[in-house]
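As the structure lists them, so they are numbered: ligands from 1, and atoms in each ligand from 1.
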Amino acid sequence: MIETDVIVVGSGPAGSSAAKHAALGGAKVILMDKKSEIGSPKRCAEGVSIQGLEKLGIEPSPRWVTQEIQGVRIQTPDGTDTWLTKDEVKLPEAGYILERKVFDKHMAMDAARAGAEIRIKTLVTGIEKIENGYLVFTESMGKEEVFKCKVLIAADGPEGHIARWAGLRPAAKAKEMESGVQYEMCNVEFEKPGVIEFYLGSCAPGGYVWIFPKGDDIANVGLAILPHKAEKTAIEYLDDFVAKSPYLKNAQAVEINVGGDPVGGMTKKLYDDNILVCGDAAGQVNPLTGGGIISGMTGGMCAGQVAAQAIKEDCSKKFLKQYDEMAHAELDHEIKRYKKVQEYLLTLSDEELNEIAHAFEGETFEKISTTEIVKKLIKLSPKALLKLGKFI
Ligand SMILES: Cc1cc2nc3c(=O)[nH]c(=O)nc-3n(C[C@H](O)[C@H](O)[C@H](O)COP(=O)(O)OP(=O)(O)OC[C@H]3O[C@@H](n4cnc5c(N)ncnc54)[C@H](O)[C@@H]3O)c2cc1C
């Protein structure tokens with residue numbers, strides 16, 4: 001049996017961040033992932049905010065930034081466009097388009113450089129609570145092994161089992177799990193280069209369609225839907241969009257990505273004796289955009305820091321509660337605000353979205369933050385006031 005202080009399951013952005021900060025705090029850490037190549041396949045449109053990376057102290061690298069965002073296009077169902085330039089916009093997930101396959105590997109390398117041991121192609125098949133810790137059962141290349149740790153960090157993504165095995169509630173109810181599908185395509189045409197595009201309305205019920213440019217003629221073209229709001233499958237909506245879009249008439253897919261995105265907000269209980277949950281597994285996702293890289297890494301950072309301290313002091317839930325407080329202090333404000341906007345958008349018909357876009361035509365923005373947009377929306381629509389009055 002291999003003994004360590006902290007085991008992190010999942011080397012996505014949240015897990016690598018947790019492993020890095022636990023190691024920096026002096027803990028002996030093992031980071032495990034079932035994948036043979038960290039970051040691959042990606043399940044992501046790869047948008048990330050510059051401020052988010054800055055807050056985490058991560059220097060952007062040309063190795064994993066494919067495109068700096070130059071602006072935003074928002075199109076409503078009747079084809080009305082709202083264009084915002086990079087200087088006007090301060091929206092989440094607007095900054096860089098990453099190459100997640102490279103980014104995720106680099107975040108794991110950061111964890112390794114901080115002292116964490118990495119075990120790739122290692123599937124966690126079960127866990128067992130013991131006094132003062134957990135046993136973690138793994139299978140790797142046909143070999144079964146048992147590990148023992150004092151703190152287990154579940155960063156095993158949207159469909160992760162670890163939290164449930166430990167008796168904690170899973171992150172997302174089925175109703176709050178968006179179903180995402182995306183093609184990475186070449187031969188994509190852009191009206192303006194470097195602009196991320198959002199298409200709202202019945203083209204993606206409960207979510208939106210995106211075209212995120214990755215340099216040259218390459219883009220992630222995808223959508224997320226809430227299945228209970230939809231009449232077709234996510235891939236059917238995407239194929240319909242691709243067939244109709246003039247910008248994609250010559251586009252060819254070189255990759256397809258599918259995945260769930262938990263947009264219901266943070267899980268009520270993120271910890272118990274000897275265990276912490278972070279990232280998508282904990283619902284640390286922006287409910288409006290579905291973005292979870294920065295929020296998951298923030299949750300991971302908090303989990304890693306608390307785990308390292310717990311190793312020195314106390315690994316009971318009494319001590320680990322600190323993680324819950326930290327994660328809520330860091331993320332609650334944003335997640336709760338964006339949940340309100342998401343719920344409001346869900347009430348709008350195609351016609352209402354068009355009306356709002358028309359009302360915005362001719363409006364000038366000096367700087368756009370979500371709060372500014374909501375303020376203007378409230379001025380324009382009494383329905384928005386009712387739903388979003390307490391947002392600002
Ligand atoms: C279609 C789509 C588009 C998206 N676009 C964006 C975007 O543009 N911007 C953004 O910020 N977010 C986006 N997201 C969300 C983002 O991808 C996630 O929030 C983010 O990856 C969460 O990171 P994580 O580390 O919590 O989980 P993950 O990245 O899912 O990592 C979990 C890891 O755990 C491993 N694992 C799971 N179970 C086990 C096990 N039993 N044993 C060993 N390893 C295990 C998996 O192999 C995986 O590597 C998108 C999501 C989808 C589905």
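Ligand 1 has no N or O atom lying under 3.5 Å from any N or O atom of V181, backbone or side chain. When only interatomic distances are considered, the shortest N/O to N/O separation between G292 and ligand 1 falls below 3.5 Å. Residue-to-ligand polar distances keep C44 apart from ligand 1: every N/O pair is separated by 3.5 Å or more. At under 3.5 Å, not a single nitrogen or oxygen of I162, backbone or side chain, sits near a nitrogen or oxygen of ligand 1. Taking any N or O of P13, backbone or side chain, at least one lies under 3.5 Å from an N or O belonging to ligand 1. The shortest N or O to N or O distance between A14 and ligand 1 is below 3.5 Å. For ligand 1, the polar-atom distance check finds an N/O of D280 within less than 3.5 Å of one of the ligand's N/O atoms. Considering backbone and side-chain atoms alike, G291 places every N or O at 3.5 Å or more from each N or O of ligand 1.
With a 4.0 Å heavy-atom cut-off, ligand 1 is reached by no atom of T289. When non-hydrogen atoms are compared, ligand 1 lies under 4.0 Å from neither the backbone nor the side chain of Q182. Of the heavy atoms in V124, both backbone and side-chain atoms come closer than 4.0 Å to ligand 1. Only the backbone of A155 comes within 4.0 Å of ligand 1, judged by heavy-atom distances. No part of E178 comes within 4.0 Å of ligand 1, judged by heavy-atom distances.
Side-chain N or O atoms of T267 include none that pairs as donor or acceptor with a backbone N or O of L270 at under 3.5 Å.
The shell of residues lying under 4.0 angstrom from ligand 1, judged by heavy atoms, excludes K42. Within the 4.0 Å heavy-atom cutoff, N257 does not count among the residues contacting ligand 1. Residue contacts with ligand 1 do not include N220, since none of its heavy atoms lies under 4.0 Å from the ligand. By the 4.0 Å heavy-atom criterion, V48 is excluded from the residues contacting ligand 1. Ligand 1 lies out of reach of G222, whose nearest heavy atom is not under 4.0 Å from it.
For ligand 1, the atoms closer than 4.0 angstrom to any heavy atom of G279 are 26 (O). Interface atoms of ligand 1 facing K35, defined by a heavy-atom separation under 4.0 Å, are 47 (O), 49 (O). Heavy-atom proximity to G10, at under 4.0 Å, picks out these atoms of ligand 1: 33 (C), 34 (O), 35 (C). Heavy-atom proximity to W210, at under 4.0 Å, picks out these atoms of ligand 1: 1 (C), 3 (C). Applying the 4.0 Å criterion to heavy atoms of G290 picks out, from ligand 1, the atoms 12 (N), 13 (C), 14 (N), 15 (C). Interface of I293 with ligand 1, defined as ligand atoms under 4.0 Å from a residue heavy atom, comprises 9 (N), 10 (C), 11 (O), 12 (N). Near G260, meaning under 4.0 Å from one of its heavy atoms, ligand 1 places the atoms 53 (C). The ligand atoms of ligand 1 that sit less than 4.0 angstrom from a heavy atom of D156 are 32 (C), 34 (O), 37 (C), 38 (N).
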Using salt bridge (Lys or Arg N to Asp or Glu O under 4.0 Å), reason through E99 and K214 one step at a time and then give a plain yes or no. CA-CA 8 Å; E99 190 63 73; K214 292 188 71 175; 3.0 Å; yes
Between R113 and D110, does the salt bridge (Lys or Arg N to Asp or Glu O under 4.0 Å) criterion hold? Intermediate values first, please. CA-CA 5 Å; R113 289 181 189 120; D110 272 358; 3.7 Å; yes
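Every residue two or more places apart in sequence or in another chain that forms a salt bridge (Lys or Arg N to Asp or Glu O under 4.0 Å) with K105 is listed here: E37.
When every heavy atom of Y323 is checked against every heavy atom of G299, the shortest pair comes out as CE1-O, 3.3 Å. Among all heavy-atom pairs drawn from I38 and A108, the shortest one is CD1-CB, 3.7 Å. The two residues K20 and A114 have their closest heavy-atom pair at O-CB, 3.8 Å. When all heavy atoms of V29 and T4 are compared, the pair lying nearest together is N-OG1, 3.8 Å. For the pair G290 and V263, the tightest heavy-atom approach, listed with the atom from each and the gap, is CA-CG1, 4.2 Å.
Aromatic pair F198/F212: ring centres closer than 6.0 Å.
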Residues 123-136 side chain polar contacts: donor-acceptor under 3.5 Å, at least two apart:
residue : atom : partner : partner atom : Å
T125    : OG1  : F137    : O            : 3.2
K129    : NZ   : G133    : O            : 3.4
K129    : NZ   : N274    : OD1          : 2.9

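Residue G47 holds the heavy atom nearest to atom 8 (O) of ligand 1 of all those in A234, S40, S295, G47. Between P158, A154, S36, it is P158 that holds the heavy atom closest to atom 30 (O) of ligand 1. Among M32, R43, E139, the residue whose heavy atom sits closest to atom 51 (C) of ligand 1 is R43.
Here the side chains of I294 and L53 are in contact, with some heavy-atom distance below 4.5 Å. For the pair I256 and V181, the minimum side-chain heavy-atom distance is below 4.5 Å.
With salt bridges taken as basic N to acidic carboxylate O contacts below 4.0 Å, one links K249 and E189.
Geometric assessment of K101 against the ring of F103 yields a negative cation-pi assignment under the 6.0 Å and 45° thresholds. K232 forms a cation-pi arrangement with Y237, by the criterion of a distance under 6.0 Å to the ring centre and an angle within 45° of the ring axis.
Checked options H328, Q322, K321; the residue passing with E325 is K321 (criterion: side-chain hydrogen bond (donor to acceptor under 3.5 Å, both in side chains)).
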